[in-house]
Amino acid sequence: MRTRLYFSRGDLVIALAPIIAVLLALVAGAILLLILGANPIEAYATMIDGAFGNQANVFRTLTRATPLLIIAIGICIAFRGGVTNIGAEGQVFIGAITATSFSLGLGAAFPPALLAPLTLIVGFLAGGFWGAIPGFLKARFEVNEILSTVMMNEIAVQILLFLMAGPMLDPEQIAAGTRVPQTAEVPEAAWLVRLAPPSQLHVGLFVGLVMAVVVYVLLWRTSIGYRIRAVGQNKDAARYAGMSVQRYIVLALVLSGGLAGLAGAVELTGITHRVVEGFAVGYGFSGIVVALFGRLHPLGAIPSAFLFGALLVGADKMQRSMQIPSATITALQGLIVIFVVSSEFFVRRYTARRKAQGATPAPTTSELSQQAPEAAI
Amino acid sequence: MNFGEILAQALPLTLLFATPFLFAALGEVFVQRSGVLNLGVEGMMLMGAFCAIYVAAPQGLGAGAFAGLLVAALVGALLGLAMAVVSVSLQAEQGISGIGFTLFGLGLSSLLFRLLAGGVITAQGTGFQPIAIPLLSEIPVIGKIFFQQNLLVYAAFALVPILSWMLNKTRWGLQIRAVGQNPAAADSMGINVVRVRYATVIFGGMMAGIAGAALSIAVTSVFQENMTHGDGFIAVALVYFGGWSPFRVMLGALLFSIANNLQIWAQLMNMQIGGAPIPSNLLIMVPYVLTIAVLIFARQRKHNAPAALTRPFQRGEN
C-alpha cells in the first residue's frame, strides 16, 4: 500500500513539475517587479484582465497564440529529433518575406481561391529551406546547431531589413517619398478569412490545431516519426539499427523550420498583410518557450500556446496601462525556460528512484533531458 | 588614402573592438575546459553592459568607469553562479538553459534600461579613456595601433598569456582540465568536480559581465536594447575556433573584430559594388556568415574538445 501511495506522488511530481516551475518563475517575476517599484499583484491582475477580461481580449489572446502554436509544434519535432533549433525567429522571417514576394510577384498567375493556401505552402518551403542549412551543416560537418541557427537568425534579420528598405520597398512609400521600410500589401485573395470581425482572429488558428494533430500522428504513428525520435534519443543506437542518422537530423530541421516559415506566412496573410518593421519579432523565441512548457508534445503545445498568448497580450496591456515595459515578459520567459529545464532534475530523480525499487520504468516525460549529451561542436 | 594610412586608422579600432569578444571568449574557454557549455554569455554581456554604463554615467549613478566595471563583473559573476546551480547542481540541459539565461539577460537589461535610464544613456567622457603609454606610444604607426588604447584593451590582451599560463602550468589549470576531460577520474583523485565547475562558470559569467562593460563604457559609450546582436554567441563560437586555447582564441577575436567592422573598412577603402556603396546590411551579415564558416573549419580541432563537454557529473554514474 505504501508503494502505491509513493507511485502516485511520483506521477504527481512529473505532471506538476513544469507548472510548479512556471509558478516559481512568476514569483521571481513578482519579486523583480517589486524591486522595480511596481505592484506585482496589480501588474498580474492587469495582465489577466488584458488577456481574458472580455470576449475581444480572449480573441486577441487566441490570435496571438496562433503563430506561437505553429512554431512550437515545429520546435517539438526538432527537439524530439535531438536537434536544438533556436532558429525559429529567422525561419519565421524568411517564410514571411518569401510568401510576400510570391504572392506579390506570382499571385496573379494563380486562381484566387488557391492563392492563400499556396502562399502558406511557399512560407513553409522557405522556412524549411532556412532550416535545412543548419541541418545540413550539423549532419555533414557536425556544426553545433544552436550556434548556427542563432547566426542564421541574425542573417535573416539583415536580409529582411535589406529587402524591406530596398528591392521590396512599398512603391507607395517611394511615391510618397517617406520610404518607411515596409513591403507592399499582398493581394486580397491571399488574406486568411477573419473568424469574428472586428477582431483579428483568423482561420490560421485552425491551421495550427490541425498541424498539432498531424505532427502528433507523424511523430508517434508513422515510421518516419519513430525514426526521428529514435535518432533524438540515441544517435548511436539509431545508427546501429541501420538508420541514416544524418538524413533524420536534416529532416527534423526542415520540418521544424518549415512550420516556423508557415507561422510567418500565417501571421502575414492573417494579420499584417505586409511585412513591416518589427514584424513577428520575438515570436521564434516565445515559440521555443511554448514548446518546452508543452513538454515537447504537439498536443501539449495547444494549451501552452494559449497560456503564452495570454501572457504576451496581458503584457501589452500592462505596458499600456501601467507603463511596465513588455521586456518584462522576455525576462519572465527566460526564467520560465531556466526553471522548466531545471525541474527535469526532480523528475529524473523520482523516475530513477522508482526504477531502483523495481517498478516498471515511468514513461519518458522528456526525452530531451535523457538523450545522451553530445560533444558540442 | 593609401593602404598604410588605412591600416593605421583601422587597426587601432580592430584591437578596441576585439576587446569584448576577447573577455567573453577567454572566460568561456575556462568554462568549457571544465566540461560546461555556457550559452548564456549573450545575456550576461547585456546585463554587464547596462549595469556598467548605469553605474558609470552621470545620468545614472555617476560613480565612474571603475565602479561600473566592478558592478558589471559582480552581476556577471552572480549570473554565472545561477548558471552553475542550474547546469552543475541541477544538471539541466546546458544548451537550452543557456538560451534561458540569454532571454533573461536580454529582457532584464532592456527593462532596466527603460525603467532606470528612461531609454537613453551615454557614457561619453565618463567611460575608459585611451592611455598613451610613454615612449612606446610615440613609435610611428605601431604606437598608435598598440599603445594608445584604453585600460580594458590592455587588460584583455594581457590576460591572454596569463590565463594560458594558468590553464596549462598551474595546479588549478590542471584540475580544470582534468574535470573537463574525465570527471570520474578527477573525482577519484580527490578533486571536487562540482567546486571546480562552479568556479569556472562563475568566472566565465564575470568575464562575460566585463565583456559587456567593455562594450558599453570602453568601446561604444552607449547602451541600446540587444546591443550585442549575437556577439555573445560568436564568443562561444570563437572558443571552438580557437581550439580551447587562449592564444588562438585571441586570433579569432581579432578576425571577428575586423569582420564586425567591415563598414568602417569599406568606408575607408571606398569599396563599391556597381558604382554604389555596398549595402550596409550585407556588411553587417559578414560576421555571422564567417561564424558558420569558422564552425565548419573548427571540426578539425574537435579532438581538442574537452571529452566531458556538456556532460553533467554524477558521482557513481560513469
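In what follows, chains carry the letters A, B, and so on, assigned in the order in which the sequence lines appear, proteins first and then strands, with residues in each chain numbered from 1. Worth saying up front: this structure is predicted, and the values here are computed from it rather than measured.
- If you tally non-hydrogen atom pairs under 4.5 Å between each of Met152(A), Gln323(A), Arg140(A), Glu154(A) and chain B, the highest count goes to Glu154(A).
- Contacts between Ile159(A) and chain B at a heavy-atom distance below 4.5 Å involve backbone atoms as well as side-chain atoms.
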Check against side-chain contact (heavy atoms from CB on, under 4.5 Å), Val157(A) and Phe93(A) | CA-CA 7 Å; Val157(A) 169; Phe93(A) 296 155; 3.7 Å; yes

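- Neither the backbone nor the side chain of Val340(A) comes within contact range of chain B, judged by heavy atoms closer than 4.5 Å.
- Gln333(A) and Ser286(A) share a side-chain donor-acceptor pair at under 3.5 Å.
- When Val337(A), Val341(A), Ile288(A) are compared by the number of non-hydrogen pairs under 4.5 Å with chain B, Val341(A) comes out ahead.
- Looking at Ile86(A), the atoms closer than 4.5 Å to chain B (heavy atoms on both sides) all sit in the side chain, from C-beta outward.
- Defined by atom type and a distance below 3.5 Å, a donor-acceptor pair is present between the side-chain atoms of Asn85(A) and Ser256(A).
- For a residue to count as touching a neighbouring chain, one of its non-hydrogen atoms must lie under 4.5 Å from one of that chain's; by this rule Ser110(B) touches chain A with backbone and side chain alike.
- Contact between Gly82(A) and Lys235(A) at its shortest, heavy atoms only, is O-NZ, 3.9 Å.
- Ser87(B) does not touch chain A: none of its heavy atoms, backbone or side chain, sits under 4.5 Å away.
- Of all the listed residues (Leu282(B), Asn281(B), Val289(B), Leu103(B)), the one sharing the greatest number of non-hydrogen pairs under 4.5 Å with chain A is Asn281(B).
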side-chain contact (heavy atoms from CB on, under 4.5 Å) assessment of Asn153(A) paired with Tyr288(B) = CA-CA 9 Å; Asn153(A) 286 344; Tyr288(B) 307 119; over 6 Å; no

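- Contact count against chain A (heavy-atom pairs under 4.5 Å) is highest for Ala92(B) among Ala82(B), Ala308(B), Ala92(B).
- Counting heavy-atom pairs under 4.5 Å between each of Ile133(A), Val150(A), Leu161(A) and chain B puts Val150(A) at the top.
- Using modelled atom types, one finds a donor on one side chain and an acceptor on the other under 3.5 Å when comparing Gln319(A) with Ser326(A).
- Between chain A and the residues Val286(B), Leu108(B), Leu106(B), Val85(B), the most heavy-atom pairs under 4.5 angstrom are made by Leu108(B).
- For a residue to count as touching a neighbouring chain, one of its non-hydrogen atoms must lie under 4.5 Å from one of that chain's; by this rule Leu112(B) touches chain A with the side chain only.
- Gly29(A) and Leu335(A) make their closest contact through N-CD1, 4.3 Å (heavy atoms, listed as atom of the first residue, atom of the second, distance).
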Could you go through the ring pair (Phe, Tyr, Trp, His ring centres under 6.0 Å) check for Phe113(B) and Phe223(B) one step at a time?
-> CA-CA 8 Å; Phe113(B) 177 53; Phe223(B) 181 85; 5.0 Å; yes

